[in-house]
Student: 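Mind having a look at this structure? Questions to follow.
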Amino acid sequence: MHALGIDIGGTGIKAAPVDVATGQLLAARQKIDTPHPAVPDAVADVVKELTTSFSWTGPVGITFPGVVTDGVTRTAANLDKSWIGLDAAALFGKATGNQVRVLNDADAAGVAEMTFGAGVGEHGTVLMLTFGTGIGSALFTRGVLVPNTEYGHIEIRGRDAESRASEHAKELHDLSWGKWAGRVEEYLEHMEALLSPHLIIVGGGISKESDKWVPRLTGIRARIVPAVLLNDAGIVGAAMTTVSTAAPDTSGATGTGH
Ligand code: BGC
């Protein structure tokens, strides 16, 4: 089965058609800058443009950088607040003219990594973390996802963890690899104390340079491995969730706004 995967991020919106049985992209992915302000109609226009550029008809899976329950976006820490409470699945369904599933970006990346990447064959507790504009999280045990964990927002030193340890924070404060890795390690120590994972998969754009920071995380007992699918994980996971067995069940969950 083939589906179009679209990955909405704080800086770019990426898309490609995907063979969901193999995780392979069926065409080179395309990327368009995220509009500013990233209001729903402007983002929907980009989603429409990407769908049209692949002349796509068929199922579409879309990631969103916030809590998503049953197609409704519930939080928007790094996008415009007008997303909160919006029926994003309906908005994108109209924009693409196709049936659409929407899910959290880190959940999508995690599902892809567990199926085709660094989490293959891992049955214990796996914590996938994506370091980008924010910090996204996806939690698995026996390969099953607990959707919409928001572990980027635990409090460390009185602040939101992602404001200290995301890739964006590294750039914003011009932190050296050593300084930033120290912050990541402090964050992972908290996560390890709370979840006792067997494996931590680190993803997001900065995982491309994992050799510069992962070896510095010496105080963490869990194995830490970089994501394998790198920048394609969100696209692949988005496409996969159009197949009902891979879709997290979030119906009836209310979510919260922050
Ligand atoms: C959002 C999460 C998202 C993460 C990565 C956080 O600010 O709250 O839902 O997964 O950023 O984009």
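Computation of the quantities below employed the complete heavy-atom set of this structure, encompassing side-chain atoms and omitting hydrogens, waters and symmetry-equivalent molecules. First listed ligand is number 1; within each ligand, the first listed atom is number 1.
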Student: Can you tell me how far apart NZ (K170) and CH2 (W213) are? Round to the nearest 0.5 Å.
Tutor: 11.0 Å

Student: Heavy atom under 4.0 Å from ligand 1: found in N78's side chain, backbone, both, or neither?
Tutor: side chain

Student: Taking distance alone, with no angle check, do D105 and ligand 1 share an N/O pair under 3.5 Å?
Tutor: yes

Student: Which atoms of ligand 1 sit under 4.0 Å from any heavy atom of G66?
Tutor: 9 (O)

Student: Can you sort out which atoms of ligand 1 are near E162, meaning under 4.0 Å from one of its heavy atoms?
Tutor: 6 (C), 7 (O), 11 (O)

Student: Can you name the atoms of ligand 1, numbered from 1 with element, that are less than 4.0 Å from a heavy atom of H153?
Tutor: 1 (C), 6 (C), 7 (O), 8 (O)

Student: Can you name the nearest heavy-atom pair linking A238 to L103, along with the distance?
Tutor: CA-CD2, 4.1 Å

Student: Can you list the atoms of ligand 1 that are under 4.0 Å from a heavy atom of N104?
Tutor: 2 (C), 3 (C), 9 (O), 10 (O)

Student: Heavy atoms only, cut-off 4.0 Å: how does A77 contact ligand 1, side chain, backbone, both, or neither?
Tutor: side chain

Student: Any heavy atom of N148 sitting closer than 4.0 Å to ligand 1?
Tutor: no

Student: Would a distance-only check, ignoring hydrogens and angles, find a side-chain to backbone donor-acceptor pair under 3.5 Å from R29 to A15?
Tutor: no

Student: Tell me the salt bridge (Lys or Arg N to Asp or Glu O under 4.0 Å) pairs involving residues 204-225, sequence neighbours left out?
Tutor: E122-R223, E209-K212

Student: Which ligand 1 atoms are under 4.0 Å away from a heavy-atom of E150?
Tutor: 1 (C), 2 (C), 8 (O), 9 (O)

Student: Where is the tightest heavy-atom contact between P37 and D80, given as atom of each residue plus distance?
Tutor: CB-OD1, 4.3 Å

Student: Going by side-chain contact (heavy atoms from CB on, under 4.5 Å), name the residues that satisfy it together with A222, two or more places apart in sequence or in a different chain.
Tutor: E192, P197, I200, I220

Student: Fit a plane to each ring of F131 and W180, take the angle between them on a 0 to 90° scale, and name the class: parallel (under 30°), tilted (30 to 60°) or perpendicular (over 60°).
Tutor: perpendicular

Student: If the cut-off is 4.0 Å to any non-hydrogen atom of G136, which atoms of ligand 1 fall inside it?
Tutor: 4 (C), 5 (C), 10 (O)

